[in-house]
Amino acid sequence: VEGCCWWARGVLKTRGTCSFGRLNYYLGKRAADEGRQSMFPDVDFCQNPEVVCGSQYKHELIWMTGLWEWVDRVQRYDQGGFNYMDELSVFADNGMKDDVFIKKVGAIVQSGCHDPPCESAGCLNFPCDGAYPVNKNAIVTYAYRTFMQLGLWDIFPLTLGGSNAPSPAPTQCQANCTELPSLSPLPPTATPSKAPIVIPTSLPSEAPTLLLDSRLARFEDIVRHLKRRRDRIDSQIFVSESDSGFVPSMLYTLDGLLNALKPLATEGVDDMLFYVGQGNVGSFEMALVNIALFLAHAMTRGILWDTCEEVNHHLVDGKLPLSNACGQHGQTYADDICPLIDAAMECAVDWSMSLEQSSVGNSGAPSFFCGPTSTYPFTGYYDPFSGSTVSSIRSANEAGRTDVAGCCFWGRGILLNQGVCEIGRFNHIYGLPAIIDGRSGRYNVDFCSHPEALCSDFTIPATEFNKFPTTVDTSEARYLVGILYWMSYVQDYNWGYWNYMEKLKLFVDGGMKDDSFVDSFSEIVIGSTRDGATRKANFEKVLEIIFFEISTRSPSTRPTDKRTPRPTGYPWTNNGDPSGQAQTPWGGPAFLYQPEPGAPATGPKFDTNPQTSEGPTTSTNQQPSPLSTPNRPPKRPVSLDLSGPKPDPSIPSNTIVDLDEIRSNGHICFPTILFVYSTMILCNIVTLK
């Protein structure tokens, strides 16, 4: 691989000696050496191309290289009768709906010309695979999705004259006009009045106490609501997959989650609160749906395998590369950097760090480990079918990594949050940096240096100041890291047309029937459609459990500002239905079934045989479980038959959830770079407009 240092880097994957050379000539050290203006005078992109992704400038350079590529190769493109700027103008004038234009731009970025195969692609034997763009239709999909998300078609509607007419010229001055503006248009003010006399009060304001009390009251309402449904929550939500079917989680419980959630829902952290309806009248249902989606996502992550650490599950050529510790599904966790505003929070990668995964839960997968290349020059793979590990054959993950240097940031916690940004943000708020900075840190642990402490108690060794080792209880960290991510990223998500809190309200106001809410959450917010069908099925299951109406025979124990709903009646029987499907007197959804007094409780039935019963949801498009054997039939997602007449209209709204039939059709997850193409085109269109 001598001289092979010019692989693609940055948001548009700048690659090759020409691109890096031009970057250095115009923006780097060569420009400074020759007396020209340079943005990065001390960066030699030719000698050190790795600075794009691995230097103090990486937050700027990953974008700067892409913008430079766009300006240099796309906006200036004029070959074979295709002039980008002219074609861009025509594209905008005709309503921004020409697929051909978008595909040609994608070909220019990927292969170097608008009409592939491209001779400039660098093929040794022309034509080669690189001479053609990949995923042309995906480029169009992402471009149109970006236009829609930003409302571009609404902002610039197509007019009869083509482009929108420019704004009218400013009106001419008619009276008291001057050639030059006045330097002092207003007379100076009079001498300012004396500062008001402020007499400090000896009594503190009552507002903070009242605010905390109201938050605490709302949270206690949520807790009571959930604990009344504890049996079903414990037996159907906090369950994990094992060889024998689904079993109660030993690691995650409802009480554990609520204990961790209480301070974050009442007091908050870093000016953030976990949303349980604070400050909004009538938002109790929104709070429950927010919790339901959190739990549904957790059921596809940590709860699934009853583990605090990410499981090696992404098959590459039928095997599990041990280098999946560096990242699965094409990710590289060490490169999952924070936005520029949070750059100081992210963990610095220690390439000499060595760790080994402490637990894989019920998965049966091989343990992750990380270490320097001096210890592990390369890594092999695990064969899930034979159950053997092969270490003598180099095996790459989807991102091409075969070593595990610096790959210690695999997912951890109830949501399996991974990467230097998410773990670094938790460390900044809860770890040792907060204590050093005088903030309200909770753990005397540097989680960037010891990410394993997120999942197991950490022992601080004895020092000259502490004569004895000290053990720090971090058992709640596995919940906190997921909750913090939810507050800082999910609840605060606002990009284009998609605002999480607005979509949450629309979902509740619409009767909680719109599948697009959870589908968009999977695709837009967390970018994980591979398990979207599982997440959606879990979400509908959690909604059904959380909004399950508990029958009561007595009034509330304390007065409330809401009318007590009409008690749900029973007995409800199957009325001779041979399917055994319980029905209400009006034939409503079966999930409202209540057993008669003294009747045995009917809990969930789990069976690994898909021909006889259906257990908790399993995605149809997930990779096979490493635990599975070739003879073990795959589980299919739960299909809830909730058809039937609508409930009695006299029953108060938001007490019955009418769920649509679960659809398990998957989605296609395209590379991020295709999305960036459409964003670049969008910038040009807005400029033209």
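Keep in mind that the numbers below use all heavy atoms, side chains included, and drop hydrogens, waters and symmetry copies.
Proximity of R301 to S528: side-chain heavy atoms (C-beta onward) are separated by under 4.5 Å at one or more points. Proximity of F517 to L504: side-chain heavy atoms (C-beta onward) are separated by under 4.5 Å at one or more points. Within the 4.5 Å cutoff, side-chain heavy atoms of F368 are placed close to those of N324. Within the 4.5 Å cutoff, the side chain of N312 has no heavy atoms near those of the W410 side chain. Counting only heavy atoms from C-beta outward, the side chains of L484 and M272 approach each other to under 4.5 Å. Between V360 and T307, every side-chain heavy-atom pair lies at or beyond the 4.5 Å cut-off.
Between the side chain of R535 and the main chain of S522, no donor-acceptor pair closer than 3.5 Å is present. Between the side chain of Q278 and the main chain of V276, a donor-acceptor pair closer than 3.5 Å is present. When atom types are taken as modelled, the side chain of Q328 and the backbone of V311 share a donor-acceptor pair closer than 3.5 angstrom. Y275 places no side-chain N or O within donor-acceptor distance of the main-chain N or O of I291, the cut-off being under 3.5 Å.
Residues forming a side chain to side chain donor-acceptor pair (under 3.5 Å) with S475 (at least two apart in sequence, or on another chain): D473. Under the side chain to side chain contact (heavy atoms under 4.5 Å, CB included) criterion, C347 pairs with F409, V420, I423, C448, sequence neighbours left out. Applying the side chain to side chain contact (heavy atoms under 4.5 Å, CB included) criterion to E398, with sequence neighbours excluded, gives H314. Contacts of R215 classified as salt bridge (charged side-chain N to carboxylate O under 4.0 Å, His left out), with partners at least two apart in sequence or in another chain: none. With sequence neighbours excluded, the residues forming a side chain to side chain contact (heavy atoms under 4.5 Å, CB included) with N494 are N499, listed by chain and number. Judged as a ring pair (Phe, Tyr, Trp, His ring centres under 6.0 Å), and not counting sequence neighbours, the contacts of F426 are Y430, F447. Considering only residues two or more places apart in sequence or on other chains, E502 meets the side chain to side chain donor-acceptor pair (under 3.5 Å) condition with none of them. Here Y489 pairs with Y485, Y493 under the ring pair (Phe, Tyr, Trp, His ring centres under 6.0 Å) rule; sequence neighbours left out. Listed by chain and number, the residues in a side chain to side chain contact (heavy atoms under 4.5 Å, CB included) with D509 are K505 (sequence neighbours excluded). N290 is linked by a side chain to side chain donor-acceptor pair (under 3.5 Å) to W486, Q491, Y500, counting only residues two or more places apart in sequence or in another chain.
One finds the CG atom of L258 at 10.0 Å from the CD1 atom of I222 (value rounded to the nearest 0.5 Å). Summarising the geometry, atom NE2 belonging to H225 is positioned 10.5 Å from atom CG belonging to D221; distances are rounded to the nearest 0.5 Å.
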Give every donor-acceptor pair under 3.5 Å between a side-chain atom in residues 259-269 and any protein atom, sequence neighbours left out.
unit_1, atom_1, unit_2, atom_2, d
N259, ND2, D255, O, 3.2
T266, OG1, K262, O, 2.7

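Applying the side chain to side chain donor-acceptor pair (under 3.5 Å) rule to pairs touching residues 416-426 yields D342-R425, N417-E422, sequence neighbours excluded.
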